[in-house]
Amino acid sequence: MKQKKKENKEKTGNLTLDPQMMSFVNKMGKYYGSFGIPRIGGQIIGLMLITEAAISPEDIQRVLSVSRSSISTNLKMLILSAGVEEVHIPGDRKSYYTFSDRAIEQSIVRKISSYDYLKEMINEGIENLKKKGNATEKLSDILQWINLDKEVCMELLEKWKNRTTKNKT
């Protein structure tokens, strides 16, 4: 049993970062923090961006020097919102995590999809006001912005798909 633990540690426990890469990881934490993602979540994304293989929560914990519960909480959030995927290695019971190859595309699609509900709410607000005035004008402006941004995002998605298709051929 002890031998198996040692082999497993050798397999996953070799992730180390030089000071420049650790600085990158910390800067990613600050960057994502400016968008409401916890600093640790941003650091996890930064770490995943610079590692070739999927990484274990234990490696993330060791490199970032944070609690296991912080890693677990942030991984759950990143899976839902930031393109992180859980992967399994055949013959290994542990879970590993990686930044999805489709994370950017998924992010654009999520943004486009979110606008449908927002447009519904704005239109409902406009209908319920049933009067002209500042509030209706504000809601109409927001609706115009939603339509414009959705159009831009759809163009961006198409360009992104074309770029990735061209790179694969």
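Note that the structure is a prediction, hence the values are computed from the model and not measured.
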Closest heavy-atom contact between [X] and [Y]?
{"X": "Tyr97", "Y": "Val87", "answer": "N-CG2, 4.3 Å"}
{"X": "Leu75", "Y": "Ile60", "answer": "CD2-CD1, 4.3 Å"}
{"X": "Ala103", "Y": "Ala82", "answer": "CB-O, 4.4 Å"}
{"X": "His88", "Y": "Ser95", "answer": "CE1-OG, 3.4 Å"}
{"X": "Pro38", "Y": "Met77", "answer": "CD-CE, 3.6 Å"}
{"X": "Leu78", "Y": "Gly41", "answer": "CD1-O, 3.5 Å"}

SB check Arg62 Asp59 (cutoff 4.0 Å):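 Salt bridge between Arg62 and Asp59, a charged N being under 4.0 Å from a carboxylate O: yes.
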Should [X] and [Y] be regarded as members of a common hydrophobic cluster, given that ILVMFWY residues are connected when their side-chain heavy atoms come within less than 4.5 Å of each other, either directly or indirectly?
{"X": "Val84", "Y": "Phe35", "value": "yes"}
{"X": "Leu157", "Y": "Val152", "value": "no"}
{"X": "Met121", "Y": "Leu129", "value": "yes"}
{"X": "Ile37", "Y": "Leu80", "value": "no"}

Open item on the list: Determine whether Ser72 and Ser69 satisfy the following criterion, side chain to side chain donor-acceptor pair (under 3.5 Å), listing intermediate values before the conclusion.
Closed with: CA-CA 5 Å; Ser72 178; Ser69 63; over 6 Å; no
Please list, chain by chain and in numerical order, all residues satisfying side-chain hydrogen bond (donor to acceptor under 3.5 Å, both in side chains) with Arg102, sequence neighbours excluded.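 Arg102 satisfies side-chain hydrogen bond (donor to acceptor under 3.5 Å, both in side chains) with Glu105 once adjacent residues are dropped.
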How long is the gap from [atom1] on [X] to [atom2] on [Y], to the nearest 0.5 Å?
{"X": "Leu139", "Y": "Ile146", "atom1": "CG", "atom2": "CD1", "answer": "9.5 Å"}
{"X": "Ile122", "Y": "Lys119", "atom1": "CD1", "atom2": "NZ", "answer": "11.0 Å"}
{"X": "Thr51", "Y": "Phe99", "atom1": "OG1", "atom2": "CZ", "answer": "11.5 Å"}
{"X": "Leu143", "Y": "Thr136", "atom1": "CG", "atom2": "OG1", "answer": "12.0 Å"}
{"X": "Glu52", "Y": "Thr98", "atom1": "CD", "atom2": "OG1", "answer": "10.5 Å"}
{"X": "Glu158", "Y": "Ile108", "atom1": "CD", "atom2": "CD1", "answer": "11.0 Å"}

Glu124 vs Asn128, side-chain contact (heavy atoms from CB on, under 4.5 Å): CA-CA, chis, key distance, verdict: CA-CA 6 Å; Glu124 185 179 314; Asn128 289 334; 3.5 Å; yes
Using modelled atom types and a 3.5 Å cut-off, is there a donor and acceptor pairing between side-chain atoms of Arg68 and backbone atoms of Gln61?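 Not at all, since once roles are kept as given, no pair shorter than 3.5 Å links the two residues.
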[X] vs [Y] side-chain heavy atoms within contact, under 4.5 Å:
{"X": "Tyr96", "Y": "Glu86", "result": "no"}
{"X": "Leu64", "Y": "Val25", "result": "yes"}
{"X": "Leu17", "Y": "Leu47", "result": "yes"}

ask   = Do Glu85 and Ser100 pass the side chain to side chain donor-acceptor pair (under 3.5 Å) test, and can you show the C-alpha distance, the side-chain angles, and the key distance before you say yes or no?
value = CA-CA 6 Å; Glu85 293 179 332; Ser100 170; 3.3 Å; yes
Would you say the side-chain atoms of Ser70 and Thr73 include a donor-acceptor pair closer than 3.5 Å?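 No donor-acceptor contact under 3.5 Å links the two side chains.
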- Query: Taking atom CG of Asp101 as the centre, does the number of heavy atoms from other residues, nucleotides or ligands within less than 6.0 Å exceed 12?
  - Reply: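 Not buried by this count: 12 neighbours or fewer within 6.0 Å.
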Met154, CE atom: more than 12 neighbouring heavy atoms under 6.0 Å: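 No, because the 6.0 Å sphere around CE of Met154 holds 12 heavy atoms or fewer from other groups.
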Using side-chain contact (heavy atoms from CB on, under 4.5 Å), reason through Thr16 and Val63 one step at a time and then give a plain yes or no.
CA-CA 7 Å; Thr16 56; Val63 170; over 6 Å; no
- Task: Check step by step if side-chain contact (heavy atoms from CB on, under 4.5 Å) holds for Asp149 and Lys111.
- Result: CA-CA 10 Å; Asp149 198 42; Lys111 185 175 182 181; 3.1 Å; yes
Which pairs with one or both residues in residues 19-34 pass side-chain hydrogen bond (donor to acceptor under 3.5 Å, both in side chains), sequence neighbours excluded?
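For residues 19-34, and leaving out neighbouring residues, the side-chain hydrogen bond (donor to acceptor under 3.5 Å, both in side chains) pairs sorted by first residue read Asn26-Gln43.
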